[in-house]
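One structure is given here, and the rest of the page talks about it.
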Amino acid sequence: IASWVDDLMVCGKKEACMEFKANIKQHFEIDDIGEMNEYVGCKIERHEDYMKLTQPVIVQSLKDEFEVKEYDYVTPASPNTTISKCPEGVEVEPPAQRIFRKGVGKILHLVKWTRLEIANALRELSRGMTKASPAHMKGLERLIAHILATAERGRILKPKRKVDPDKAKETLFELAGISDS
């Protein structure tokens, strides 16, 4: 079960999902939209024993809106480097600053849902939200190029173990959650 504000996504065997929906309907008024192919901007791919979430619309918008040379970067940021706070007098012009903020904002949404592995590179770049330097712009270009080169990556949702259906009621489950608040 994934929750985003007032949107729930329930994944699993059909019988279990239907039972959960019937139970929750006893407590809340809900709209059941049926089988989902998309959830909060994420495309859902179903496989035998896992689901994969990707965000092709945001990846395409990065490709369409930013002029990035095609590189096949293995890492989202330059190894063994950090981008320092922008020194006075080195900041980019206001139009470039707006482009920088727009890029960081789009990538932030990717990190939140499907591309956790680029979080550190984005953290480095976010230091330039108030005042970006040419190094921040170069880092943004590299990160976007990396995202475009690895566009098929996403978040995999896969159970850690199989449950015997006859013993499901007695099985203890580990609840895990992620919150950005």
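Remark: Thr54 engages no residue in a side-chain hydrogen bond (donor to acceptor under 3.5 Å, both in side chains) (not counting sequence neighbours). Annotation: side-chain hydrogen bond (donor to acceptor under 3.5 Å, both in side chains) contacts of Thr75 (sequence neighbours excluded): Arg142. Applying the side-chain contact (heavy atoms from CB on, under 4.5 Å) test to Gln97 and every residue at least two apart in sequence or in another chain returns Val92, Phe100, Arg101, Ala132. Scored by the side-chain contact (heavy atoms from CB on, under 4.5 Å) test, Ile99 finds Phe66 as partners (sequence neighbours excluded). In terms of the side-chain contact (heavy atoms from CB on, under 4.5 Å) criterion, Asp31 has no residue partners (sequence neighbours excluded). Legend: residues meeting ring-ring contact (aromatic ring centres under 6.0 Å, His included) with His47, ordered by chain and number and at least two apart, are Tyr50. Under the rule for a ring-ring contact (aromatic ring centres under 6.0 Å, His included), Tyr39 has no partner lying at least two apart in sequence or in another chain. Checked against side-chain hydrogen bond (donor to acceptor under 3.5 Å, both in side chains), Asp7 has no partners two or more places apart in sequence or in another chain.
Val90 belongs to no hydrophobic cluster, as no Ile, Leu, Val, Met, Phe, Trp or Tyr side chain comes under 4.5 Å of its own.
Here the side chains of Ile118 and His146 are in contact, with some heavy-atom distance below 4.5 Å. Using a 4.5 Å heavy-atom cutoff, the side chains of Glu45 and Met51 are not in contact.
Applying the salt bridge (charged side-chain N to carboxylate O under 4.0 Å, His left out) definition to pairs two or more places apart or across chains, those involving residues 50-68 are Glu65-Lys102, Glu65-Lys106. Sorted by first then second residue, the salt bridge (charged side-chain N to carboxylate O under 4.0 Å, His left out) pairs that include residues 83-97, not counting sequence neighbours, are Glu88-Lys131. Applying the salt bridge (charged side-chain N to carboxylate O under 4.0 Å, His left out) test to residues at least two apart or on different chains, the pairs with a partner in residues 9-26 are Glu19-Lys169, Lys21-Asp32.
Note: the hydrophobic cluster containing Leu8 does not contain Ile33 (ILVMFWY, side chain heavy atoms under 4.5 Å, direct or indirect links).
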